[in-house]
Structures are given as C-alpha cells and as structure tokens.
Amino acid sequence: MDSNVTMEKIVSLAKRRGFVFQSSEIYGGQSGAWDYGPMGIELKNRIQRFWWKEMTQLHDDIVGLDAAILMHPRVWEASGHVENFTDPLVDCKKCKQRFRADQIDQAKLARRECPECGGELTDTRKFNLMFKTNIGPVDDGTGLIYLRPETAQGIYVNYKNIIQSNRMKIPFGIAQVGKAFRNEIVTKNFIFRTCEFEQMEMQYFVKPGEDEKFFNYWREQRWLYYEKLGVRMSKLRWHQHGPDELAHYAKDAYDIEYEFPMGFKELEGVHNRTNYDLSRHQQFSGKDLQYIDQENGNERFIPFIIETSAGLTRQLLMVLCDAYEDQKVADKGNEDDWRTVLHFHPTLAPVTVAVLPLMKKDGLAELAQDIRQSLKDEFSTDYDQGGAIGRRYRRQDEIGTPFCVTVDYQTKEDGTVTVRFRDSMEQVRVHRDQLESSLKQAIKDFKRS
Ligand code: GAP
C-alpha cells in the first residue's frame, strides 16, 4: 500500500469529516486541547472498548476501576511527581520563545544560543508538568490540588480495597481508562502530545522475583494487541529505555513506537515499576500496604508492579494515520481518479454499514430506510440519499465505512441488495435476509489489504 499520509492531510480530514476539532476554535483555539466530533467519539469509544475487552474480559485475573481525577495532594508527593515530574526548560531572552532543553541542539544549548533567533538563552530550570488548582472556597494555598498526570496512582491507592472486595490473589491486574493532564510546553503534532488526554493503563501486581517473567509476558501481550487491532505491524517497533530515559519509578521500560508521519514515536510503554509506588504510599499514608500470601504461610511482601500504559487519544491518531490512504482508482485525468480511504478494521470503524438508495423516488428511499432499520440493532449504520452514488461511496470511504449497501430497482423485485466493500471496491449481490449474517462473516474474515 502506498503510504502517502502527512499530518496536514490527517488534520484536514479529521476536521472535514468530524473526527477532531480544535478546542474553542471560535475564540482562536486553545492549545493543547482538542474536541472529538461525531466520528471521533465513535472511533475513540471503539478503541477504548477494544482495549477494555482485551485487558479485562480476556484476562480472568484483571478487574476494572474508575478512580477520581482529583486525589489527595499527598498522593503526588508519595508518587514522586511533585519532586520529579519535570521538564528542563530554557527561554530566549530576545524572541521570548520557550524550549525543552533536552529537545534542542545540545551544542547551541551549551553556548546558550537560541535555536530560532540566535539570542541568549536563560539558565535551564525545572518545570513541573502537573496542573495545580484549588479546592474549596478560599484560594490561599490550603486547598491545593492537582489534576492527575497519570491514571496509575488511582489504581495504587485502591489496591487494598480491590483485594478485599474482590478476593484477588497475586498475580492480578487492575485496568483503568481516564483523563490525564500535563502542562506540556511543546504540543505540536496535532493530538500526539496534548495537555488533556486519555490513558488506558493496567497495573499488574506480582510477587517480587516474578517481575521479570511478567514484564516479558506483558510485552508479548501488548505486541499481540496491535496485531489484533489490525494495524500494520511493519510500522511498529520496540524501544528500550536507556538509563537516562528511565522514569524515576522504573527498573526497566520498553516503549512500543509507531512510525507516525513525523517519524517513529512512542505509542505506549510497558514498565517494571518495582515496589516503588506501593512502598512510597505505605510510607506516606502510614497504612500497611503489604500483601499477605495466605497460600504461602501468610508471607508478607510489597508487590512489584508491571504497568502497561497506553494513550487512548494517541492511539486514535495512530489508527487514523495507519488507515489513511490516497488511492488512485481510475485513469481519466480528473480528480475522480483518486479517493481518500480509511482502511479501519471494521470493529473500529465509526460507521459499519451505510445504506444508500440508488434513487430517492419510486419507493427506494423507504425501502432503504427499512433495510437500515433492520440492521440497526447489530451494526452502527448511516443513511445517505444525497448525490451521485459514486460520490456517496467516496464520502463513506473517507470515514472508513467498510460496507455500503445499495438499494435499487432489483431490490424491489427480488429483495437483493448490492454490498460494496470499501477496500477492494468489489460489489456482490446479497438477499436482504442474508445481509446481517454475510456482513458479520465479512467482519470476521477481514484482513487488512
Ligand atoms: N503511568 C505511566 C505513564 O503515564 P508515560 O510514558 O508518561 O507513562 C504513557 O505515558 C502513555 O500516555 C504514552 O505512551 C502516551 O501514549 C500517553 N501520553 C503521555 N503523555 C501524553 C500527552 N501529553 N498527550 C497525549 N498522550 C500522552
């Protein structure tokens, strides 16, 4: 497949077809924040459901949680975020631009030279990425509270509750999807790095000494997940964190990277967080967070944690980039020679089936509506009766609808419809009584072309 995707094309399609809009656009936009339109929310929900099924339904030893975004401020002292969750920043005294010191030319940084205008740079200073706000009526610092920068801590502080309420035995995991907030200074590349985003995290609690075994197991599992998601595996690779990249809590960490239009970038991380988090919460809260292993003579220990941490909104960007193709489909020398198509896996596509009457008249529209109605229970559907049929197919291709069902005069006679497949553009005639089962079969048999 010809990969001709650029970030400009993705941004433009995302807006044009209702996937992603700039936040507060009519006021000039809010940097670091994006809104998900009708197609975007469907795609995001489907990715989330896919992840949730994979991590909970298909793993007997993982349960879910939805912890609050606002947590006790001591959580972030214990977790090390107050002290360590910082980016090194420099400002240019001349052009006033701000840079991450680790992301600019290191020779220029050493000479304190601005990479943009050559002006003088300030000293490097640490900038904490957590958003602070205030809870309660008085804004005098006593109500300081943070917007969580990761969902993980909500899991750690509930680990004992979950052991007790659900009789979990080690090894076991807790999965959570939710918003996280970081005061990112560089927020270019569309929704790749934003100040408000969503994470899909799973924390797996294991006996010390078994951490490396489960670390490798979860690396394998997370790789297989992307195969199931139907993205091109040739676009993925592993990156092991070097000693200078490891987060303050990690003993070992690997990122799965995807080749975005701007190059290979982190998609998700698998981290061996050791017993750092629970030990710190035990110390800061004064509560006993040891696990009591009843099957082994009530042995007590602080579990090690293997974390799989994926960005939901970043995964949505990856799925969009991976699906995108400008494809030449004819050779007539006009713009109709090309189509833009999103090759989503059918389980991710915002619309699974579009029903299109060939004409509005002669009862075809009513018949098509009736067929759509019969599919609604099982599939997410769309109905479009406006314009030439070729144009309507192209509109559906642009939002990645895998199947179009066309209702024509023959349908009135013998009850058959045309099913048009997005990727091959092949068309087959199917009786409407067999439509649901043949679409389900096509979803099962789907292979990315
Ligand atoms: N709990 C561990 C943790 O948060 P991380 O590597 O900082 O680890 C995990 O983040 C994932 O969250 C990343 O791989 C990425 O997919 C997503 N992510 C992190 N910061 C993000 C941001 N500013 N915008 C969008 N996604 C982000």
Side-chain angles (χ1 to χ4, degrees), residues 20 23 30-34 36 44 47-48 51 55 65 67 69 71 75-76 78-81 84-87 100 103 127-131 146-157 173-204 215 218-219 222 225-226 229 231 236-241 245-258 260 262 264-274 276-278 280 305-321:
V20 183
S23 163
Q30 173 57 54
S31 74
W34 297 86
Y36 291 81
K44 187 146 71 75
I47 295 172
Q48 178 178 335
W51 183 90
M55 300 303 274
L65 175 75
I69 289 173
M71 301 179 75
V75 166
W76 305 108
S79 70
H81 282 79
N84 298 313
F85 197 52
T86 56
D87 276 346
R100 269 186 54 178
Q103 289 182 351
F127 172 78
N128 196 294
L129 272 77
M130 282 195 294
F131 281 104
Y146 299 96
L147 298 185
R148 69 179 177 201
E150 61 171 10
T151 58
Q153 301 300 326
I155 294 181
Y156 305 147
V157 300
I174 305 175
Q176 177 168 222
V177 180
K179 292 250 179 182
F181 302 85
R182 295 181 188 179
N183 198 354
E184 302 278 5
I185 299 308
V186 182
T187 54
K188 55 183 187 195
N189 290 325
F190 193 33
I191 55 172
F192 179 80
R193 187 180 303 286
T194 50
C195 293
E196 177 177 344
F197 57 100
E198 276 170 80
Q199 288 189 315
M200 305 185 287
E201 296 198 305
M202 192 283 296
Q203 313 295 327
Y204 201 70
F215 183 63
W218 279 109
R219 281 186 54 208
R222 294 309 300 153
Y225 164 89
Y226 289 102
L229 196 67
V231 295
L236 293 176
R237 72 176 188 195
W238 284 106
H239 165 72
Q240 184 177 18
H241 285 208
E245 289 172 281
L246 280 176
H248 59 273
Y249 49 72
K251 166 176 158 188
D252 199 359
Y254 278 80
D255 291 338
I256 296 178
E257 295 185 333
Y258 179 80
F260 288 95
M262 65 280 188
F264 273 101
K265 298 271 177 212
E266 175 184 343
L267 187 59
E268 81 165 80
V270 182
H271 311 133
N272 182 344
R273 294 182 72 129
T274 69
Y276 173 85
D277 300 278
L278 291 179
R280 295 271 294 189
I305 292 169
I306 308 302
E307 168 182 69
T308 73
S309 177
L312 170 55
T313 40
R314 192 172 290 182
Q315 207 168 107
L316 184 146
L317 178 62
M318 182 275 282
V319 165
L320 270 180
C321 292

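Just follow the structure's listing: the first ligand is 1, and inside any ligand the first atom is 1. Values reported hereafter were calculated over all heavy atoms of this structure, with side chains retained and with hydrogens, waters and symmetry mates removed. Everything numeric in this text was worked out from a predicted model, so none of it was measured.
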Proximal ligand 1 atoms for E201, defined as those under 4.0 Å from one of its heavy atoms: 1 (N), 2 (C), 3 (C), 4 (O)

Close side-chain approach of M318 to L229, heavy-atom, < 4.5 Å: yes

Modelled atom types, side-chain donor and acceptor of H239 and E245, under 3.5 Å: yes

Pair E201, Q176: side-chain N/O donor-acceptor within cut-off below 3.5 Å: no

Nearest-neighbour protein heavy atom for atom 10 (O) of ligand 1, which is reported as residue plus atom name and distance: Q199 NE2, 3.5 Å

4.5 Å side-chain heavy-atom contact, Y146 and M71: no

Which residue and heavy atom of the protein sit nearest atom 25 (C) of ligand 1, plus the separation: F192 O, 3.2 Å

Heavy-atom proximity to atom 5 (P) of ligand 1, best of E150, E307, R182: R182

Proximal atoms of ligand 1 relative to E268 (non-hydrogen, under 4.0 Å): 14 (O)

Minimum heavy-atom distance between Y276 and H248, given as atom pair plus value: OH-CD2, 3.6 Å

Among F181, F197, F85, closest by any non-hydrogen atom to atom 21 (C) of ligand 1: F197

Identity and separation of the nearest protein heavy atom to atom 9 (C) of ligand 1: S309 OG, 3.0 Å

Nearest-contact summary for atom 17 (C) of ligand 1 - protein heavy atom, Å: G311 CA, 3.7 Å

Mode of Q315 contact toward ligand 1 - side chain, backbone, both, neither (heavy atoms, under 4.0 Å): neither

Main-chain N/O of M130 paired to N128 side chain as donor or acceptor, under 3.5 Å: yes

Y254 and F215 aromatic ring geometry - parallel, tilted or perpendicular at 30°/60° bounds: tilted

Top protein contact for atom 16 (O) of ligand 1, by heavy-atom distance: L267 O, 2.8 Å

Can you list, pair by pair, the side-chain donor-acceptor contacts under 3.5 Å of residues 185-200, counting residues two or more places apart and other chains?
residue	atom	partner	partner atom	Å
T194	OG1	E196	O	2.9
E196	OE2	K179	NZ	2.6
E198	OE2	K44	NZ	2.6
Q199	OE1	T151	N	3.0

Non-hydrogen atom of H271 closer than 4.0 Å to ligand 1: yes

Ligand 1 contact on T151 by region, counting heavy-atom pairs under 4.0 Å: neither

Ligand 1 atoms in contact with R273 (distance to a heavy atom under 4.0 Å): 1 (N), 2 (C)

Short side-chain donor-acceptor distance under 3.5 Å, E268 and Y226: yes

Top protein contact for atom 24 (N) of ligand 1, by heavy-atom distance: T194 N, 3.0 Å

Validation row: I305, H271 side chains within 4.5 angstrom (heavy atoms): no

Top protein contact for atom 14 (O) of ligand 1, by heavy-atom distance: E266 OE2, 2.5 Å

Contact partition for E184 relative to ligand 1, non-hydrogen atoms under 4.0 Å: side chain

Test item: I174 and Y156 side chains (from C-beta on) under 4.5 Å apart, heavy atoms: no

Part of Y249 within contact of ligand 1 (heavy atoms, under 4.0 Å): side chain

